[in-house]
**Student:** 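Got a structure for you, questions after.
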Amino acid sequence: MDTFKKEITSVPSTEKVELMRSRYLNEPLYIDSEYIKYYTEAHAKTDGRNPLERRAECHSYAIERLTPVIRDGELFAGSKTRYVRGAIPYCNYASRYILREFKNEEAEAQDAFTDIGKGGGIAKSKEIAEKGDYEFFCRKYLISKEDKHILKESAEYFLGKSMQDVGDALWKSVFEQADYIDKGWQAGLYTAPHDPAPEGRYVLDFETALNQGLNGIIERLRNKIKDAEVTDYQSAEKIYFWRAGIRTLEATIKWAENYGNKAAELAAAEKNPKRKKELEEIAERCHYVPANKPRNFKDAMQAFWFVYLAGHIEGAQLGYSPGRFDRYMYPFYKMDKDAGTIKDSEVLELLEMLRVKMTEIEYVASFSWAGLGSGNLFQNMILGGLDEKGHRGDNELSVLVLQSAINCQTTQPTLSIWYDDSLSEEFLLKAADCVKTGCGFPAWFNLKVFIQHELQKSGLPVSTIRKYAAMGGCTEPTMEGMSYGIVQAGFINHGKLFELAMNGGKDPRTGLVFDETKIPETYEELYDAYLIHMRNSIRNWQRYWNFVMSAHRQTCNLIFSSMLVKDCIERGLSLDDGGAICNGTPTTLSSGMVNVVNSMAVVKKLLGADTSMDEIREAINKDWEGFDVLRNKALDAPKWGNNDDFADDIYEDLFDTYCTYVSEQKNYLGEPYDPSMLAISTHAPFGKVCGATPDGRHSGETLCDGVTSPFPGTDTNGPLAVLLSAGKIDHSKIRGGLHNMKFHPSALKGIQGSKKLLSLIKTYFETLGFQIQFNVVDSEMLKEAQMHPENYRDLIVRVAGFSAFFVELGKSMQDEIIRRTEHYI
Amino acid sequence: MKGCPLKCRWCSNPEGQNLHPELMHIKTICKKHYKCISACPYNAATADASNENSFPVFEYAKCRECETRECIISCPERALRFTGKYISSSDLIKRVKANIPFYRNSGGGVTFSGGEPFLQIDFIKEFIKDIAPLGITVGVETCGMFDMKKVREIADSLDFIYYDLKCMDSDIHKKATGSPNETILNNLKELAAINPEIIIISVPVVPDVNDSDAQIKNIAAFCKENKIKELRLLPYHSFGEDKYSFLGRKYLMEEKLNIPPEDLNRFMHIVEDFGISCKIE
Ligand code: SF4
Ligand code: SF4
């Protein structure tokens, strides 16, 4: 048989891009302590200052002093660290895991069941560590002797001062249910403690940043201060906030100028006249933007990158995203095109470089978290959509962004499409081509559903929602430039909740007892017990996070970012003080619902004359050993994803109840929590801690990925039935959602294949489904890659809300990807 | 739809040949636990005494399709299953109706294939009665071996017919498929007389059956005579081979042969020279 040949070829469009991309692919991962060194220095000097100003000072002091690094080939400057692939260890957020790592202590219990990748750059790190100049850190990073020393000092300095420690000191002493949370971690009911303190999932107001320039914003702040009338302590506090803001903006300009100086220095030494000229241009540009409004597209690229990166440096970001790049960058593109001063090939080269630059950013957290996120930063660039008047939002630049992703295959940023029927055919077909490369994106999002959600949630005018709807992180929509980010990324494990319900509140693996409930004998008792555990776990989890968020305000309030989120400046309030227009963003996340639904369906179907609840309980406690017949009956019972109301009704009920429970409670900013369901990679570790479930799943087996995707092997009625099931739930109730579908490339061949794909998306969205994403690979290729990772270094697959290099995923995630049912249209 | 009057040697869907549901033993999954052997109340499964490490042997003639499917639910690997199930036309209509939103955007519809769908012509009639008024396209893939009397009544309401034409030489046809080809050719003539536009001829290109210029020329000439406009060539492949052993049958193609691409291209040109559009699939 012929081996499959890719229909769409992926080759970087220029040698420079190729150089940057292969440099990235061959680079190991490093920890860079430079930022935290200066941050710590400033922190030690500023004891007693107003907390807002102190936070601004620490960040500003550090960013002004970062070593500017400009690498060969780059046409715009700016690097988060001194390394190609470097991560900043944010001791100000959490430092205990760092010290623990140094002591080589066995990390928290959670680590035992988290699995991270071994291939690619991670393998390379191991190689270098073995030579001795560098040590291994968090099992995948290298750290130099000097950086290790610095990091250790910073980590020790922040003991008792970090966000984690401040938060712990509060909630552990006053929160009545602290014990429940602790048990939840041990049992694997919740994701690991907030070690990495990931924040993010917001998008800055790039439109304003570009059009006013940072100088323009500074001007506004100065006027605010000038006009301020102090009448109480709150109005006085605003002045501190505005002053803090000016400090961070000026530091950002200074940091850009450092790059300008560096570029000039390199230009002076450069022999190659062509490169010399490029460096001179970079030097000039870095002195002009981001302080001023870009004069052309190249300026705009540099300005965007500085602003984006400065925000990235300020916090331990995860899910921090560029948003609607094709919208706010378009005027600059159009201006140059109309004047004939730029060619599309030049734009494409810059966009491809941007992909490499965004992929270079690394992230370090305690080991268990690194496993959950699969090292991904969830930077999401969303294209298409509508403009404020309701016209289609795609343009020539949108098509070029897609082309850049086709040409330069990297994991970041992930691309998304706001789908609307009015999008141009050219754009949609290009997006389909991108899917066909097998990189897993773009993911498709139904704008209509988000508008419905946001109307219910924030009540903003439709025109505003259309214009600023964006994606913050993997699959959670947000309002660009006007939303509070999210200081949490905690998940609830539905599989574990089911075990608690089945066993009267006791976790069978650890023996820990949560809330005691009656050991169920009937379906109704089981269902009721499940609701009790679901409700309590949600309530406790949300209350816990509110404590964490209050510690965030004290220690890590984002000042620079507040300058670029409406209406912080006008209100004189930082993000953590409710300055943003949308404060209802914090979501409560969960995964594994599909396994619960299937298990409920099995119990409901089988309980009766032949089968008792005790028998089912015994079977799952013994991991089906000796219960082959029962397991086969269970596997044959109705399952979610077959357009069978028996199972689908259970899903709808549980889903609605989940949404109600979540939004019953208020977040730290006083708005109701927003329900969401995602998986990222939680379904693997969550599955590992759960015993067998009545749906036929074995003990330790990965739970279902996504929100509405069926459990592998249980969708026996074809892909349309899967989508008909998925379309039944009311997606407008949640913010986020995820539906994975895997296609063999042959199913999507040619333009006809693309059209089939598009019509499938269109129809699914007509049923008001919210999200769908596709893996186009064949499982043979993946198995081959598992055995010979060295030959598949650049193979990208869609995991859940993001794409990752396949060889860098853990074994259990790899297996899961291979297993996902292959569909043919 | 299960059941086919022909028994083509190269058939890649042998599970479509018999009318009734059949037990399939998927040997690539089977781990030889032998649980199925003790489970079957009719002793349809036995162990091969001569060879300890062999697969269970199913005597398909003994299987009575017991209602509880004892062998299937006993198998921990799920290596056994029935291929085919009975479904009423009303249930099928319900399922098709649920999919209509997808057809609306893709222009897709329903294609009956098999096996030989026209063996169950009454079922198709009932289906068309309900579905055609909704504007859903309905087509059939047929081997041509059917009773024209019944098919004539619905020929009008079909949107397309994929019609298999294997070989113009009746003797070779009989050797390869078990039946002579006269009925097939006559049926095609009649259908074409009703509406040649909806007919697309499928020619499976099979070694020693029709892989010569002369054979293809004859087929094309016959099509032209009957005003057929479209033909597709389906080169023989052996993907179905495993399934024969899963069903306890023998694969009848002696050797795995491939049709060289240059032959296919030549065949395509021959067909096109008759003014018939031709695709290789
Ligand atoms: S078919 Fe199933 S029960 Fe029978 S031998 Fe194979 S694996 Fe065992
Ligand atoms: S279906 Fe029933 S009769 Fe047929 S082989 Fe299996 S157990 Fe025996």
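Numbered from 1 within each chain, the chains take letters A, B, ... in sequence-line order. Predicted, not measured: the structure shown is a model, and the values here were computed from it.
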**Student:** About how many Å separate CG of A:Asn643 and NZ of B:Lys94, when rounded to the nearest 0.5 Å?
**Tutor:**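 These two atoms lie 9.5 Å from each other.
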
**Student:** Can you say whether A:Lys755 sits under 4.5 Å from chain B via the side chain, the backbone, both, or neither, judging by heavy atoms?
**Tutor:**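 Answer is neither: A:Lys755 stays 4.5 Å or more from chain B.
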
**Student:** How about B:Lys32: does its NZ atom have over 12 heavy atoms from other parts shown lying under 6.0 Å from it?
**Tutor:**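 For B:Lys32, atom NZ is crowded (more than 12 foreign heavy atoms under 6.0 Å).
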
**Student:** Within this structure, what is the CZ-CG distance for the pair B:Arg95 and A:Asn717, rounded to the nearest 0.5 Å?
**Tutor:**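 Going from the CZ atom of B:Arg95 to the CG atom of A:Asn717 covers 4.5 Å.
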
**Student:** Could you check if a side-chain atom of B:Arg78 sits within less than 4.5 angstrom of a side-chain atom of A:Asp636, using non-hydrogen atoms only?
**Tutor:**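 Yes, at least one pair of side-chain atoms sits under 4.5 Å.
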
**Student:** Check the surroundings of atom CD in B:Glu65: do more than 12 heavy atoms from other residues, nucleotides or ligands lie under 6.0 Å from it?
**Tutor:**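 Yes, enclosed.
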
**Student:** Keeping A:Asn632 on the side-chain end and B:Cys75 on the backbone end, is there a donor-acceptor pair under 3.5 Å?
**Tutor:** yes

**Student:** Considering residues, nucleotides and ligands other than A:Lys448, do more than 12 of their heavy atoms fall under 6.0 Å from its NZ?
**Tutor:**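 For A:Lys448, atom NZ is not crowded (no more than 12 foreign heavy atoms under 6.0 Å).
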
**Student:** Test B:Asn99 against every option in A:Leu724, A:Leu723, A:Thr763 by the side chain to side chain contact (heavy atoms under 4.5 Å, CB included) rule and name the one that passes.
**Tutor:**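 When side chain to side chain contact (heavy atoms under 4.5 Å, CB included) is applied between B:Asn99 and each of A:Leu724, A:Leu723, A:Thr763, only A:Leu724 qualifies.
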
**Student:** What is the distance from atom CD of A:Glu766 to atom CZ of B:Phe102, rounded to the nearest 0.5 Å?
**Tutor:** 9.0 Å

**Student:** Is there a side-chain contact between B:Asn105 and A:Leu758, using heavy atoms and a 4.5 Å cut-off?
**Tutor:** no

**Student:** Just wondering, are more than 12 heavy atoms of other shown residues or ligands nearer than 6.0 Å to CD in B:Glu272?
**Tutor:** yes

**Student:** Side chain, backbone, both or neither: which part of A:Leu635 has a heavy atom under 4.5 Å from chain B?
**Tutor:**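 Both parts, backbone and side chain.
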
